[in-house]
Amino acid sequence: MHVTGSVPPSAPAPQETPADPAQAEDPTGGTGRHARRFGLPVATALVMGNIIGGGIFLLPASVAPFGTVSLVAFGVLTVGAIALALVFGRLAQRDPRTGGPYVYARGAFGDFAGFLAAWAYWITSWVSNAALAVAAVGYLDVLIPVNDHRWTACLAALVVQWLPALANFAGTRYVGAVQMVATVLKFAPLLLVAFGGLFFFDADNLGPFHAGDGSLTGAVSASAAILLFSYLGVESAAVSAGEVKNPRRTVGLATVIGTAGAALVYLLGTLSVFGTVSHDRLVESTAPFSDAVNAMFGGTWGGWAVALAALVSITGCLNGWTLLSAQTPYAAAKDGLFPAAFARKRRGVPTVGVGVTVVLASLLTVYNYMAGSAKVFEVLVLVTTFTATVPYLLATAAQIFHLVSGRRDLVDRRRLVRDAVVAAVAAAFSMWLVAGAGYAAVYQGVLFLFAGVLVYAVMAARRQQRA
């Protein structure tokens with residue numbers, strides 16, 4: 001555990017950034033035949049798998065009421081997401097340790113900023129896991145009726161959460177294997193629609209460019225607010241940098257390739273659905289990709305195929321998010337900013353972090369089914385959009401801090417202008433995420449953050465006593 005109270009925030013202690021990032025990890029928990037460092041393919045799959053969860057299967061119908069202008073919103077969001085990916089890549093080159101935004105915020109601004117990044121990201125991860133599990137039940141119901149009884153559906157959601165958690169407990173070797181298989185299986189039907197749908201494309205199905213009554217700008221913003229959550233996860237490789245081979249190079253490449261690949265699938269998939277399913281039908285659709293496959297090939301087998309693909313997609317997404325949900329608290333715990341138990345590793349995985357996360361997500365899932373209303377849960381899902389922007393903004397601010405400080409050891413002057421433009425775009429994207437979350441989500445999210453301030457007060461006092 002490092003104590004850095006005497007070190008200026010802008011100049012982290014040398015022992016915190018070893019030449020080999022592996023040295024920064026727990027030597028007893030990150031080795032063995034069950035622990036394996038991720039190469040570029042697995043790191044890229046982690047990014048793509050965490051960005052593309054179950055939402056892609058509903059997005060075309062969700063934005064159809066705004067018209068094809070929603071594709072413009074997709075394009076704007078893609079530019080922002082790639083800018084954020086580039087920022088994470090540059091930051092990982094400077095400090096390739098596990099923790100991502102936490103490490104960058106703490107290195108630039110000190111312990112409190114680092115804690116806020118870790119706390120907000122942790123909230124984002126376990127609330128998102130609960131949301132994904134509940135969404136998976138809807139797809140499972142197509143294959144096996146589980147929604148007829150509330151507790152049957154609840155049990156199914158809990159099983160969907162705990163299976164990826166068990167893969168994490170088995171070690172990073174199995175996490176990487178599950179992530180690769182899930183990514184490959186989920187992309188088969190998505191690519192079928194994204195590229196195959198272009199051969200069945202009919203412009204008459206597109207409907208109006210601007211379908212709403214408001215302004216064109218308002219339509220772009222409104223559709224973007226729905227699409228914002230779909231790009232969470234661009235930081236996945238950076239958060240797990242300590243488990244990545246050659247992280248200074250691999251993290252940046254995996255982040256950009258994974259984000260660009262996810263954006264391509266999003267854009268082409270949505271465009272193909274718009275062109276194969278009539279606008280009037282798409283607005284009312286509850287399974288737009290199923291409708292697109294049925295329109296392309298006839299029959300009704302598309303619903304089964306897409307439901308299965310969605311389950312694989314969500315399972316893979318949960319697998320990756322479960323690992324990420326433990327990595328940031330692990331990094332913070334090593335620095336004394338989270339309880340020490342979160343720093344325990346086994347087979348390369350912070351097992352206490354995984355266990356606490358899956359228990360909290362399970363409790364939230366049970367609460368959702370007990371309440372019998374999705375409205376409260378929808379607000380919590382929007383909260384994750386807000387809480388994710390806290391580490392995004394802090395990481396982007398860290399990049400801006402380094403660029404403005406002009407320190408030769410942290411800034412490549414040959415790329416100064418390009419890095420500054422990218423950081424500005426990433427900052428604007430992060431602020432747009434906040435605006436898109438809505439007033440209620442920001443209100444709830446701030447309450448979560450304030451609760452974290454109290455936790456920080458206790459942890460800071462304990463650190464001072466030990467020092």
Side-chain angles (χ1 to χ4, degrees), residues 46-47 49-55 84 88 98-103 105 114-136 157 160-165 167-169 172 175 178-179 228-243 314-333 337-339 342 349-365 368 377 380-395 433 437 441 444-445 448-449 451-452 455:
L46 186 66
V47 175
N50 286 349
I51 292 177
I52 301 179
L84 193 60
F88 280 122
T98 293
Y102 159 74
V103 172
F115 174 82
L116 281 182
W119 180 262
Y121 194 80
W122 185 53
I123 292 171
T124 300
S125 61
W126 61 264
V127 175
S128 295
N129 283 2
L132 285 169
V134 173
V160 170
Q161 288 179 60
W162 278 90
L163 287 178
N168 274 263
F169 284 130
T172 52
V175 174
V178 171
Q179 199 66 30
L228 289 175
F229 186 77
S230 62
Y231 274 108
L232 298 184
V234 298
E235 73 291 338
S236 302
V239 172
S240 295
E243 280 63 57
I314 293 174
T315 301
C317 193
L318 276 168
N319 179 65
W321 271 108
T322 300
L323 176 63
L324 294 187
S325 66
Q327 296 287 27
T328 299
Y330 163 77
L337 299 180
F338 256 62
F342 283 87
V349 174
T351 50
V352 173
V354 169
V356 173
T357 293
V358 72
V359 168
L360 287 173
S362 298
L363 291 174
L364 184 58
T365 302
N368 176 66
F377 199 73
L380 290 174
V381 169
L382 285 175
V383 167
T384 65
T385 303
F386 167 71
T387 54
T389 61
V390 176
Y392 287 177
L393 275 171
L394 287 171
L433 282 170
Q444 297 284 350
F448 274 116
L449 291 180
V455 175

Item to complete: Could you pull out all residues at least two apart from S125 that satisfy side-chain contact (heavy atoms from CB on, under 4.5 Å)?
Response: W122, W321, S325

Discussion item. Among residues at least two apart in sequence or on other chains, which ones pass side-chain contact (heavy atoms from CB on, under 4.5 Å) with V103?
Written reply: D95, R97

How close do [X] and [Y] get, counting heavy atoms only, and between which atoms?
X	Y	result
A130	L364	CB-CD2, 3.9 Å
P391	A117	CB-O, 3.9 Å
L394	A105	CB-CB, 3.9 Å
N129	T322	ND2-OG1, 3.7 Å
V354	A165	CG1-O, 4.2 Å
G114	Y102	O-CD1, 2.9 Å

Item to complete: Apply the test side-chain contact (heavy atoms from CB on, under 4.5 Å) to residues L449 and F386: give CA-CA distance (whole Å), side-chain angles for both, the deciding distance (0.1 Å), then the verdict.
Response: CA-CA 11 Å; L449 291 180; F386 167 71; 4.0 Å; yes

Worksheet entry | All ring pair (Phe, Tyr, Trp, His ring centres under 6.0 Å) counterparts of F115, not counting sequence neighbours | W119, F338, Y456

To the nearest 0.5 angstrom, please state how far the [atom1] atom of [X] sits from the [atom2] atom of [Y].
X	Y	atom1	atom2	result
L132	Q161	CG	CD	9.0 Å
T387	L116	OG1	CG	12.0 Å
L363	W126	CG	CH2	8.5 Å
T365	L360	OG1	CG	10.5 Å

By side chain to side chain donor-acceptor pair (under 3.5 Å) - contacts of [X] (at least two apart):
X	result
T389	none
T328	none
T351	none

